[in-house]
Number of protein chains: 2
Amino acid sequence: MEPFEHCLNLELRKANRVLSQIYDSFLAPSGLKTSQFSILRAIKFLKNTTNSELQDTLVLDQTSLSRALKPLIRDGYIDVRVGVDRRQKQLLLTVKGRTLYADAEKLWLDAQAYVSDKLGPEMKRSLLNMSDIVVELKG
Amino acid sequence: MEPFEHCLNLELRKANRVLSQIYDSFLAPSGLKTSQFSILRAIKFLKNTTNSELQDTLVLDQTSLSRALKPLIRDGYIDVRVGVDRRQKQLLLTVKGRTLYADAEKLWLDAQAYVSDKLGPEMKRSLLNMSDIVVELKG
DNA sequence: ACAACTTACATGCATATACATCTTTATACA
DNA sequence: TGTATAAAGATGTATATGCATGTAAGTTGT
């Protein structure tokens, strides 16, 4: 009897949904979703950055990022300035954004610790390694 | 120098985005997205099923599934009947739905083969195993 | 039989995500 | 110096996803 062939994509999506909900529940007190937290975090590390640099960092479509930034700009966490190349926009955290990030980072650390503990170091390495390999498939 | 601590959730999300785009591009000729394909596939294997059985199978929130079904019902791929328990709905593939699934399954097989080849058997096992473990975290 | 509770599903709302396409600005080259 | 091309973003459209909440229908205890 041929075993059921699991769809790699569905399995990954299921894991993604579960993991995102876990991180989201930890981050909830900050009012941020994990995707928003990731954007703030990326900008924090990249300092003054641009839309396209963020796209690469987050492996996110240009149009997706464009929209994802909106609520963060609207709520005053990210500041936008026209670049030297006037097509570009410079993105940076506002004071409010840095404060929020600092608070949310504590919650994120809890989530990361919780999941790390549940997975164990081996499975954690496996997740990171596998994710890396899959991202490499991007053409 | 402490290495950068990767967010497990972000890494998984990035992989998820890339993989979903690959599967979506293979499935595009059918007009289905992978999430829709997964729903048809699940109903095909479960035969006559219900909303809540699908939720468990797909690890999907009740409200998410409720909405995901809409376009598939609207386009005539899934038939809905009230169950014996009149709160429930019986879901089954229509003839049109079975035909579409059969066509899309060929495209899915190509995607699955493409990705399996790129990943290799070990990484594939790793993906499935890791996904399974993460889904287990769901409380 | 009836009130309290629970279960199944839908809806309002907000964000997440990407494809096709449009606008604006820069660059390259005849 | 124009003009074709490329690059950066935004927008229209559609689905994906989940939380809070609402509604209808079944179940339970008295």
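Predicted, not measured: the structure shown is a model, and the values here were computed from it.
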Practice problem: Heavy atoms under 4.0 Å is the rule here; annotate nucleotides 13-22 of chain C 5' to 3' with B where the base is hit, S where only the sugar-phosphate is, and - elsewhere. | Solution: B-SSBBBB--
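Nucleotide dA7(D) holds its C1' atom 13 Å from the CG atom of D56(A), rounded to whole Å. For L32(B) and dA14(D), the CG to P distance is 17 Å, given to the nearest whole Å. At whole-Å resolution of the value, CD1 in I22(A) and P in dT17(D) are 17 Å apart. Atom CG of N51(B) and atom P of dT11(C) are 12 Å apart (whole Å). Rounding to whole angstrom units, NZ of residue K138(B) and P of dT17(D) are separated by 13 Å. Distance CD (Q88(B)) to P (dA24(D)): 18 Å, rounded to an integer number of Å. For E53(A) and dA7(D), the CD to P distance is 17 Å, given to the nearest whole Å. Rounded to an integer number of Å, the gap from Q55(B) CD to dA10(C) C1' is 12 Å.
From K14(A), atom NZ reaches atom OG1 of T57(B) across 7.5 Å, with rounding to the nearest 0.5 Å.
Applying the 3.5 Å distance criterion, the base of dT24(C) shares no donor-acceptor pair with the side chain of R87(A). Residue-to-nucleotide contacts include no donor-acceptor pair under 3.5 Å from the side chain of R86(B) to the base of dA25(D).
Each of L69(A) and V84(B) lies near DNA chain D, and the nucleotide nearest L69(A) is the one positioned closer to the 5' end.
Looking at N129(A) and S126(B), their side chains never bring a donor and an acceptor atom within 3.5 Å of each other.
Other residues, nucleotides and ligands place more than 12 heavy atoms under 6.0 Å from the CZ atom of R74(B). Remark: K118(B) NZ is loosely packed, at most 12 non-hydrogen atoms of other residues, nucleotides or ligands lying under 6.0 Å away.
A side chain to side chain contact (heavy atoms under 4.5 Å, CB included) with Q36(B) is found for exactly one of L72(B), I78(B), D75(B), L27(B), namely L72(B).
You'll find the ring centres of F37(A) and Y101(A) inside the 6.0 Å limit.
Judged by distance alone, the side chain of Q88(A) and the main-chain N or O of D85(A) form no donor-acceptor pair under 3.5 Å.
Within the structure, every side-chain polar atom (N or O) of N16(A) is placed at least 4.0 Å from both OP1 and OP2 of dA16(D). Phosphate proximity of dA10(D) to K70(A): absent, as no side-chain N or O sits under 4.0 Å from OP1 or OP2.
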